[in-house]
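As a basis for the values below, the full set of heavy atoms in this structure was taken, side chains included, without hydrogen atoms, waters or symmetry mates. Proteins come first, then strands; the chains are lettered A, B, ... in the order of their sequence lines, and each starts at number 1.
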There are 2 protein chains.
Amino acid sequence: MESKELKNFIFQGDKVFLPHISVDCVIFGFHDNQLKVLLLKWKEGPWCLPGGFVKHDESVDDSAIRVLYERTGLKNIFLQQFHTFGHPMREKGKKTSDPKSWISKRFISVGYYALVEFSKVKPRPDILSTDCKWWDVHKVPSLIYDHKQIMNKALEAIRFDLNDHPVGYNLLPGKFTMPELQRLYETILDEKLDRRNFQKKILVLDFLVKLKERKIGGAHKAPFLYTFDKKKYAQALKQGVKSSW
Amino acid sequence: MESKELKNFIFQGDKVFLPHISVDCVIFGFHDNQLKVLLLKWKEGPWCLPGGFVKHDESVDDSAIRVLYERTGLKNIFLQQFHTFGHPMREKGKKTSDPKSWISKRFISVGYYALVEFSKVKPRPDILSTDCKWWDVHKVPSLIYDHKQIMNKALEAIRFDLNDHPVGYNLLPGKFTMPELQRLYETILDEKLDRRNFQKKILVLDFLVKLKERKIGGAHKAPFLYTFDKKKYAQALKQGVKSSW
DNA sequence: ATATTATTGTGTTAGTTATACACATTGAAA
DNA sequence: TTTCAATGTGTATAACTAACACAATAATAT
């Protein structure tokens, strides 16, 4: 069906893309109090991270932005480069129809993570895949190559970044409750936090705005709604919020 | 003189090295209470960071290790990958003798920093350079391409890492005094610290061993000597020393 | 209607850590 | 022997963290 486009990609891709360099995106979402990660199903093969290649005149960051857009339809999302994976055997077991094709060669991959709002994503498979869907971070299937390691390194990175940087702007809806934000932190950290201390800690970081409204409709006492102060959030993201020395 | 080797490198390098991918090492040393960085002088051109290319069957990490070894003679040094620089114009102004050579093409560079003991280094220029020497971090000359940005990003990374990770094992001699360690921290952070609070803070991290000996010969009261507890140091390096959530 | 239950809002207290200092000690130089 | 500059050690206060208590409230069960 798409064999012409696919063949063109395999045999002519090196005219468009740099050889030996790829990007992989670990795209996190948050749903049902679970951290989700977006995966693609290789044709007749295992699952993998959404990835792509770098056009000859494109920055690596822009390639990652493009991959994120093509799989989710989302733009202007905070994408964080966290590590570059460059072991020659990282793609062990790689099989391609044509071993002479540029795509069958060794690739060094630059890893990015993104945090996106689950409900806004329309997962779209790419040319090499048949399926694209969310997986619970604790239940991801076995992944191709070193993609499980890449995902784990992304998780490590985001947990680490959480110590100094705010999180949530792209993950939560515009208005959210303190318990919802706490669930997000707990899910990322995979750890239960004290409700009262969490609120104090997050409020002194000074990027939240408490609204007069409450979230109605749920069971139990109606919690207040909050939003991010966009300016202060961006500043905290850029500068970090604390240092030790 | 070495023109045969050089020509071979320029015209045959793509047989040995991957195209479009390089590594750059920001090698820090500590001397005269100043943070130093090792730079190379391009032939009839500006200064630059020590860098290199990735062999077809070599890991990117190993390329960085090789570069560090070739410029300093040092092995088994902690090398930290901190960022990958992938903007298509990062090498603006690039000039090469042959524009068709693999080396004149666009390169994406993986950045590493290392912290080494100044006195153990015998700086060695590479095939493309005439000089290799230490520069005071505050007095580096103008550098080629985006190398100044790479250096600054390395400084940023090391300052950040300092919040959770120990520093000094490769930078200081085997035995050192508390004031010497403090100077190192102050130099990296570019900030003066309180002597008494520094000592308390660094000691609770629990990777230092206080010796019975004192450093004699200097003016003023003889300070005690310390060493790193190698095991605890390595553990702190790996796991980090504190987290916020 | 009223009681029940789970969840939220808002504290308080004790323990720990960080910050800002003070003072005695010591080795070399004046 | 005095002076000076640096080191060794300690202390008081403020700031922060961790653990915990109790009242308020919205849906549900009775």
Side-chain angles (χ1 to χ4, degrees), chain A residues 32-33 159 162-166 168 172-173 175-187 189-227 236 240-245, chain B residues 32-34 159 162-166 168 172-173 175-187 189 191-227 236 240-245:
Chain A
D32 284 340
N33 283 338
R159 279 177 191 147
L162 215 55
N163 289 327
D164 317 79
H165 297 280
L172 294 172
K175 295 175 183 178
F176 52 90
T177 68
M178 192 57 76
E180 284 169 349
L181 184 59
Q182 186 181 339
R183 298 292 164 271
L184 171 59
Y185 271 71
E186 289 179 336
T187 305
L189 294 169
D190 204 13
E191 180 186 350
K192 196 130 188 59
L193 302 173
D194 182 275
R195 182 170 66 87
R196 298 150 283 189
N197 295 333
F198 174 80
Q199 172 156 326
K200 271 176 272 180
K201 248 172 143 171
I202 202 96
L203 284 177
V204 298
L205 298 184
D206 195 37
F207 50 72
L208 289 182
V209 181
K210 184 175 182 173
L211 303 176
K212 295 261 188 288
E213 309 171 64
R214 287 161 182 266
K215 172 154 190 162
I216 51 171
H220 316 300
K221 184 171 182 176
F224 280 104
L225 287 166
Y226 291 79
T227 55
V241 286
K242 49 193 116 178
S243 67
S244 189
W245 289 101
Chain B
D32 285 340
N33 283 337
Q34 300 287 344
R159 278 176 193 148
L162 214 56
N163 288 328
D164 318 83
H165 297 280
L172 293 172
K175 295 174 182 179
F176 52 89
T177 68
M178 191 57 76
E180 283 169 349
L181 184 60
Q182 186 181 338
R183 297 294 163 268
L184 171 60
Y185 272 72
E186 289 179 337
T187 305
L189 294 169
E191 182 185 349
K192 196 130 189 58
L193 301 172
D194 182 276
R195 185 170 65 86
R196 296 150 284 189
N197 294 335
F198 175 80
Q199 171 156 326
K200 271 177 272 181
K201 246 172 144 170
I202 202 97
L203 285 178
V204 298
L205 298 183
D206 195 36
F207 51 72
L208 289 182
V209 181
K210 184 175 183 175
L211 302 177
K212 295 259 188 288
E213 309 169 64
R214 288 161 181 264
K215 172 154 189 162
I216 52 171
H220 315 301
K221 184 170 183 176
F224 280 104
L225 287 166
Y226 291 79
T227 55
V241 287
K242 48 191 115 180
S243 68
S244 190
W245 289 99

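- Rounded to an integer number of Å, the gap from B:Phe198 CZ to C:dT19 P is 14 Å.
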What does nucleotides 21-30 of chain C look like as a protein-contact string, B for base, S for sugar-phosphate only, - for none, at under 4.0 angstrom between heavy atoms? BB--BBBS--
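- Taking B:Tyr185 as the reference, A:Trp245, B:Phe198 meet the ring-ring contact (aromatic ring centres under 6.0 Å, His included) condition, with sequence neighbours excluded.
- Applying the side-chain contact (heavy atoms from CB on, under 4.5 Å) rule to B:Glu180 yields the partners B:Phe176, B:Thr177, B:Lys215; only residues at least two apart in sequence or on another chain are considered.
- In this structure, B:Ser243 has no side-chain hydrogen bond (donor to acceptor under 3.5 Å, both in side chains) partners at least two apart in sequence or on a different chain.
- Across residues 202-211 of chain B, B:Lys210 each have a non-hydrogen atom less than 4.0 Å from an atom of DNA chain D (numbered order).
- Heavy-atom minimum distance, B:Leu208 versus B:Met178: CD1-CE, 4.0 Å.
- Partners of B:Lys192 under the salt bridge (charged side-chain N to carboxylate O under 4.0 Å, His left out) rule, at least two apart in sequence or in another chain, are B:Glu186.
- Contacts classified as ring-ring contact (aromatic ring centres under 6.0 Å, His included) and involving residues 205-226 of chain B (residues at least two apart or in different chains) are given here: B:Phe207-B:Tyr233.
- With a cutoff of under 4.0 Å to any heavy atom of chain B, the contacted region of DNA chain D is bounded 5' to 3' by D:dA5 to D:dT11.
- With sequence neighbours excluded, the residues forming a side-chain contact (heavy atoms from CB on, under 4.5 Å) with A:Thr227 are A:Lys175, A:Val209, A:Leu211, listed by chain and number.
- Whole-Å rounding puts the A:Trp245 CH2 to C:dT17 P distance at 14 Å.
- Partners of A:Arg159 under the side-chain contact (heavy atoms from CB on, under 4.5 Å) rule, at least two apart in sequence or in another chain, are A:Leu155, A:Ile188, A:Leu189, A:Asp190.
- Every pair passing salt bridge (charged side-chain N to carboxylate O under 4.0 Å, His left out) that includes a residue from residues 195-205 of chain B is listed here, sequence neighbours excluded: B:Asp194-B:Arg196.
- Partners of B:Asn33 according to the side-chain contact (heavy atoms from CB on, under 4.5 Å) rule, which considers only residues two or more places apart in sequence or in another chain, are B:Phe30, B:Arg183.
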